[in-house]
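What follows is one structure encoded as structure tokens, with my remarks underneath.
Residue numbers start from 1 in every chain, and the chains themselves are labelled A, B, ... in the order their sequence lines are given, proteins ahead of strands.
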Amino acid sequence: DILQWPQISKCRSPEMETFSCFWTAGNFYNLTVPRMLQLLYKKSNEEDWKECPDYITSGQNSCYFNASYTSVWTPYCVQLASKNEVYDKKCFSVDEIVLPDPPVHLNWTLLNTSQTGIHGDIQVRWDPPPTADVRKGWITLEYELQYKEVNETKWKELKPRLSTMVPLYSLKTARDYEIRIRSRQRTSEKFGEFSEILYVSFSQIGIGCDHCTEEVEFPWFLVVVFGVCGLAVTVISIMLAKQPRLKMLIFPPVPVPKIKGIDPDLLKKGKLDEVNSILACHDNYKTQLYSDDLWVEFIELDIEDPEEKNRASDTDRLLSEDHLKSHSCLGTKDDDSGRASCCEPDIPETDFSASDTCDATSDSDQFKKATEKEEDLLCLGRQDNDESLPNPASTDLQSRPRNTQPENSNVWAPFEDSIESPHLSVHTQISNQNSLTSTDFYAQVSDITPAGRVVLSPGQKSKLGRAQREGCTEQNFTMDNTYFCEADVKKCIAVTSHEENEPHVQEQGYNEDGYFTTESLTTTVANFGASTAAPPSSEMPVADYTSIHIVQSPQGLVLNATALPVPDKEFNVSCGYVSTDQLNKIMP
Amino acid sequence: GLLLVALLVSHMLLTKEGVTSLPICPNGSVNCQLSLEELFDRAVKLSHYIHFLSSEMFNEFDERYAQGRGFIAKAVNSCHTASLTTPEDKEQAQQIHHEDLLNLILGVLRSWNDPLIHLASEVQTIKEAPETILWKAVEIEEQNKRLLEGMEKIVGRVHSGEVENDIYTPWDGLPSLQLADEDSRLFAFYNLLHCLRRDSHKIDNYLKVLKCRLIHDNNC
């Protein structure tokens with residue numbers, strides 16, 4: 001056996017007016033004489049230990065302190081001792097050891113039953129423990145109720161409450177219940193003992209439902225049905241997700257207009273500069289920029305069209321009003337050859353899109369519409385000269401059929417403005433072009449910068465009424481408008497204006513807005529120039545512009561030799577260009 | 001973080017018990033007066049709340065710092081309010097005049113004003129003091145002030161004669177809360193919290209007795 005010392009098991013006050021202490025004697029003593037043990041107590045403000053006043057009232061091994069011995073908030077110490085030894089000691093104050101008695105007089109009443117009679121509500125009532133003086137407010141109790149069915153093992157608990165009655169809902173009338181209640185002081189944690197058990201039986205008051213033995217079973221059927229529906233929905237959604245065809249059937253994709261790399265908003269806003277720059281960045285676009293004969297490409301010749309071939313020159317074709325109306329100003333209908341012009345036949349505006357694949361004709365349409373106002377640069381000759389150019393350019397052109405060279409620079413200015421639009425080639429129309437039947441009335445676009453600026457080489461002066469450019473060798477290489485000397489593959493400088501005009505022209509030349517000198521031409525141009533120089537190997541001077549004879553490839557064109565009278569020997573044949581004066585000598 | 005959540009939850013649960021302030025007077029009323037019953041109701045709720053907080057704070061402190069230090073054995077000390085002769089059992093509480101009892105309540109509350117302020121500030125210097133203890137100390141100090149105000153109102157209503165303000169015990173325990181020796185310091189805190197729990201229980205009980213006596217005519 002384990003040796004057990006006598007110890008004080010607990011001290012308890014049921015109502016905060018008296019208290020008792022209990023101890024266990026242990027097996028230490030073989031003493032038969034009871035009460036060898038003493039319980040001594042002492043209040044905090046006393047010095048002597050006193051003996052327990054009442055060993056009997058609370059039972060064996062207990063000490064009872066009645067009201068006269070009890071001071072509630074005073075610290076006490078008790079000790080269990082024999083004559084020689086102190087076995088245990090406890091210190092406390094009475095307010096800390098309050099454990100109320102259980103409630104009494106439990107009863108229940110029926111509140112109501114359900115319609116089916118299977119369930120019922122009851123109200124349980126009880127009285128506070130009689131020892132606790134609740135009426136005078138000396139002690140405040142709260143109660144906890146527990147209940148269960150008779151054959152269950154686990155009690156259900158309700159939250160502690162201050163009132164002495166509580167309803168219980170939804171009890172099964174077919175079953176019997178047990179109820180018990182315990183109480184505690186409101187600010188304490190420990191509960192007192194449980195009350196006696198209250199038995200609730202509905203059959204006793206005649207409500208018991210004999211045939212209500214059916215339990216509400218778990219609704220397996222409903223569970224299965226809903227589970228199957230859920231699974232079906234999941235499967236269907238998975239199938240839909242994995243079958244693009246089905247998906248497209250239900251959710252057809254909405255096409256969005258788009259050009260690779262082009263923001264549709266830009267086109268809508270009409271910011272031509274930006275669009276021009278964007279388009280310039282297209283690879284296809286770029287390669288064609290440096291082609292010498294860009295303007296030629298955009299003429300859109302249809303070689304299969306016999307009517308086209310019979311044209312003496314593009315000029316005539318262009319001059320034909322009918323033709324112009326029915327075709328784009330650039331020329332023939334679009335045959336979708338490898339030249340990759342996205343110019344649609346009936347669109348009067350220029351087509352500058354450079355992609356072979358022609359990513360989005362819709363965009364080019366958009367763009368055309370956006371730039372409609374400014375355009376018609378390519379169709380300058382289409383209508384009256386007055387209308388052809390948006391601005392003073394037209395008036396300048398017309399009003400200066402014989403402008404002196406100094407004014408030539410001004411002519412270019414309007415071109416600059418008009419060239420702002422991303423049109424690649426500029427056709428200038430001259431009122432006097434009829435007089436130059438064998439000459440075209442286009443200004444040659446020498447180059448297209450990546451930014452979209454059009455590089456012009458000066459056109460025939462006679463058309464524009466300007467002085468013709470000189471031949472290559474006769475001029476210094478200035479950074480001005482120059483002709484590209486095809487034969488020599490060197491840049492032939494033909495100053496638009498004579499030396500006296502150089503300052504102006506130089507300004508023009510360096511004017512970034514309008515155009516650039518042909519010094520920016522690439523070797524492709526040179527190559528091209530070389531190829532086209534073949535026909536004029538004879539002494540026949542080659543005109544500034546030639547019409548396309550054959551379209552060989554996207555990059556190659558064979559030009560017709562223009563029927564120009566043989567120039568004087570003065571001409572520098574190698575250059576192949578004719579200045580105005582020279583031309584005037586040549587022409588009748 | 002978890003402590004904070006627990007604190008919040010406990011605070012919410014506590015406030016459910018009716019400590020939140022209720023709107024008394026309708027807007028714009030000038031001479032709005034609560035009934036004595038309402039005043040007592042609020043006072044009892046406050047005192048119960050203060051005792052609840054004190055009890056919890058003491059338990060937490062006991063758990064955290066007092067275990068193994070033998071504080072319990074020494075805790076039979078006297079609180080600074082022991083000099084106030086308050087009823088020690090039900091009989092005495094029944095016999096004392098309600099005005100005297102009210103004055104005593106006021107005296108005890110006033111005597112705790114100072115210690116509570118210092119407790120709230122000094123408890124923060126305990127190393128690794130749990131947030132719950134810190135928060136409770138501050139809360140008790142606040143609620144004690146409110147209870148004091150409420151009690152003064154009640155006294156003003158109930159008193160026929162002049163109000164005695166001389167019931168008061170000064171507190172000189174501040175140096176013990178600032179001792180350098182950690183053990184001694186913690187023991188001082190332990191004692192103070194123990195006394196606080198006891199006195200808050202006293203106040204709570206007296207107020208309930210008064211309420212039942214004055215309002216419900218001994219028939220709560």
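In terms of heavy-atom pairs under 4.5 angstrom with chain A, the leader among B:K202, B:E91, B:H51, B:K211 is B:K202. Most heavy-atom pairs under 4.5 Å with chain A, from the set B:R197, B:H216, B:Q92: that is B:R197.
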CA sep, side-chain torsions, deciding dist, call: B:N218, A:R135, side-chain contact (heavy atoms from CB on, under 4.5 Å): CA-CA 6 Å; B:N218 278 335; A:R135 284 176 116 211; over 6 Å; no

Run the numbers on B:R213 and A:K136 for side-chain contact (heavy atoms from CB on, under 4.5 Å), then give the verdict. CA-CA 7 Å; B:R213 194 204 292 188; A:K136 297 203 179 91; over 6 Å; no

Go through A:W73 and B:N205 one step at a time and tell me if the side-chain contact (heavy atoms from CB on, under 4.5 Å) criterion holds. CA-CA 11 Å; A:W73 292 282; B:N205 240 71; 3.8 Å; yes

Verdict with reasoning, B:N59 to A:E189, per side-chain contact (heavy atoms from CB on, under 4.5 Å): CA-CA 11 Å; B:N59 288 338; A:E189 290 174 0; 3.5 Å; yes

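Neither the backbone nor the side chain of B:D217 comes within contact range of chain A; no heavy atoms are under 4.5 Å apart. Residue contact with chain A, scored on non-hydrogen atoms closer than 4.5 Å, involves the side chain of B:Q94 exclusively. Proximity to chain B (any heavy atom under 4.5 Å) is shown, for A:S188, by neither the backbone nor the side chain. Both the backbone and the side chain of B:H201 come within contact range of chain A, each with at least one heavy atom under 4.5 Å from a heavy atom of that chain. If you measure heavy-atom distances from A:V134 to chain B, the contacts under 4.5 Å come from the backbone alone. Contacts between A:T74 and chain B at a heavy-atom distance below 4.5 Å involve backbone atoms as well as side-chain atoms.
The interface of residues 154-167 of chain A with chain B, defined by heavy-atom distances below 4.5 Å, is empty. At a heavy-atom separation below 4.5 angstrom, chain B is approached by A:M16, A:E17 within residues 9-20 of chain A.
Listed by first and then second residue, the salt bridge (charged side-chain N to carboxylate O under 4.0 Å, His left out) pairs involving residues 49-75 of chain A are A:E46-A:K50 (not counting sequence neighbours).
Note: A:D95 CG to B:S200 OG = 9.0 Å, rounded to the nearest 0.5 Å. The OG atom of A:S93 lies 5.5 Å from the NE2 atom of B:H194; values are rounded to the nearest 0.5 Å.
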Side-chain donor/acceptor pairs under 3.5 Å, residues 61-68 of chain A, sequence neighbours excluded:
| from | atom 1 | to | atom 2 | distance (Å) |
| --- | --- | --- | --- | --- |
| A:S62 | OG | A:S58 | O | 3.4 |
| A:S62 | OG | A:G59 | N | 3.2 |
| A:S62 | OG | A:G59 | O | 2.6 |
| A:N66 | OD1 | A:S68 | N | 3.2 |
| A:N66 | OD1 | A:S68 | OG | 2.6 |
| A:N66 | OD1 | A:Y69 | N | 3.4 |

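The minimum heavy-atom distance between B:S55 and A:T187, with the atom names listed, is OG-O, 4.4 Å. When every heavy atom of B:D89 is checked against every heavy atom of A:W138, the shortest pair comes out as C-CH2, 3.5 Å.
At a threshold of 4.0 Å, the pair A:D133-B:K90 counts as salt-bridged, since one of the basic side-chain nitrogens sits closer than that to a carboxylate oxygen.
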